Amino acid sequence: EEILCVAFPDWAYKAESSPGSRQIQLWHFILELLQKEEFRHVIAWQQGEYGEFVIKDPDEVARLWGRRKCKPQMNYDKLSRALRYYYNKRILHKTKGKRFTYKFNFSKLIIVNYPLWGVNYTPMIQMYELPRSL
DNA sequence: CACGGAAGCT
DNA sequence: AGCTTCCGTG
């Protein structure tokens with residue numbers, strides 16, 4: 001049994017208009033939570049389907065996202081609207097019928113958002129698998 | 001819950 | 001552009 005881990009280099013975070021400060025994107029944040037053991041009870045990869053994840057505690061994910069963005073009024077209604085904007089961008093899609101379950105379009109994601117990935121061979125997203133025991 | 005239009009913010 | 005806020009619809 002294995003778990004998927006994801007790591008981003010610094011330049012993956014888009015620079016905000018003001019130089020110096022960097023604004024994290026929601027899908028980065030989601031992947032960040034997914035890679036950490038401590039949030040496994042809040043959000044986790046769905047076994048079987050590659051790239052599919054379940055938000056086990058929507059209120060908590062919204063609270064964490066709100067804390068990161070300094071938006072204390074954040075809730076799942078608003079967060080899920082942001083996730084829905086990812087459908088047309090081909091970053092995510094919904095797993096129909098499964099509550100709080102979404103799926104990353106990893107292949108499209110890298111091509112669309114990081115076209116240089118294949119050119120300079122600098123890995124945008126480093127994915128690697130570790131034994132669950134670690 | 002899940003969807004998507006519309007307007008607002010930075 | 002990438003959300004945030006609000007809300008009507010199914």
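Sequence lines set the chain letters: A, B, ... in the order given, protein chains first and strands last, and positions in each chain run from 1. Treat the numbers as computed from the prediction; the structure is a model and nothing was measured.
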Participant: Would you kindly give the CH2-to-P distance between A/W27 and C/dG2, to the nearest whole Å?
Facilitator: 11 Å
Participant: Atom CZ of A/R90 and atom C1' of C/dA1: how far apart are they, to the nearest Å?
Facilitator: 20 Å
Participant: For the pair made of OH in A/Y85 and P in C/dC3, what is the distance, rounded to whole Å?
Facilitator: 11 Å
Participant: For the pair made of CD in A/Q73 and P in B/dC9, what is the distance, rounded to whole Å?
Facilitator: 16 Å
Participant: My understanding is that only residues two or more places apart in sequence, or in another chain, count here; which of them pass salt bridge (charged side-chain N to carboxylate O under 4.0 Å, His left out) with A/K71?
Facilitator: none
Participant: Quick check on B/dC3: is either OP1 or OP2 less than 4.0 Å from any side-chain nitrogen or oxygen of A/Y87?
Facilitator: yes
Participant: Which residues pass the side-chain contact (heavy atoms from CB on, under 4.5 Å) test with A/K36, sequence neighbours left out?
Facilitator: A/E32, A/E38, A/F39
Participant: Ignoring backbone atoms, establish whether A/K71 has a side-chain N or O less than 4.0 Å from OP1 or OP2 of C/dC3.
Facilitator: no
Participant: Answer with base, sugar-phosphate or nothing: what part of the nucleic acid does A/R84 contact at a heavy-atom distance below 4.0 Å?
Facilitator: base
Participant: Please report the distance, rounded to the nearest Å, between CD1 in A/I91 and C1' in C/dG2.
Facilitator: 10 Å
Participant: Can you measure A/I30 atom CD1 to C/dC3 atom P for me and round it to whole angstrom units?
Facilitator: 10 Å
Participant: Any non-hydrogen side-chain atom of A/F104 less than 4.5 Å from a side-chain atom of A/W45?
Facilitator: yes
Participant: Can you measure A/R68 atom CZ to C/dG2 atom P for me and round it to whole angstrom units?
Facilitator: 18 Å
Participant: Looking at every strand, decide which applies to A/K94 at a 4.0 Å heavy-atom threshold: base, sugar-phosphate, or nothing.
Facilitator: sugar-phosphate
Participant: Verify the contact: side-chain N or O of A/K98 to OP1 or OP2 of B/dC1, cut-off strictly under 4.0 Å; return yes or no.
Facilitator: no
Participant: Hey, does the side-chain of A/Y86 have a donor or acceptor N/O within less than 3.5 Å of a partner on the base of C/dA1?
Facilitator: no
Participant: To the nearest Å, how far apart are A/Q25 CD and B/dT10 C1'?
Facilitator: 14 Å
Participant: Just to confirm, is there a sub-4.0 Å distance from OP1 or OP2 of C/dG2 to any side-chain nitrogen or oxygen of A/Q23?
Facilitator: no
Participant: Please confirm whether the shortest side-chain N or O distance from A/W65 to OP1 or OP2 of C/dT4 is below 4.0 Å.
Facilitator: yes
Participant: Say whether A/Q46 and A/T101, considering side chains only, have a donor N or O and an acceptor N or O under 3.5 Å apart.
Facilitator: no
Participant: Who are the side-chain contact (heavy atoms from CB on, under 4.5 Å) partners of A/E60, not counting sequence neighbours?
Facilitator: A/V42, A/D57, A/R63, A/L64
Participant: Check each residue of residues 75-83 of chain A for a non-hydrogen atom within less than 4.0 Å of any atom in DNA chain B, then write out the ones that pass by number, or none.
Facilitator: A/Y76, A/R81
Participant: My understanding is that only residues two or more places apart in sequence, or in another chain, count here; which of them pass salt bridge (charged side-chain N to carboxylate O under 4.0 Å, His left out) with A/K56?
Facilitator: none
Participant: Could you name each residue pair satisfying side chain to side chain donor-acceptor pair (under 3.5 Å) that touches residues 76-85 of chain A, not counting sequence neighbours?
Facilitator: A/Y76-A/Y102, A/S80-A/R84, A/R81-A/Y85
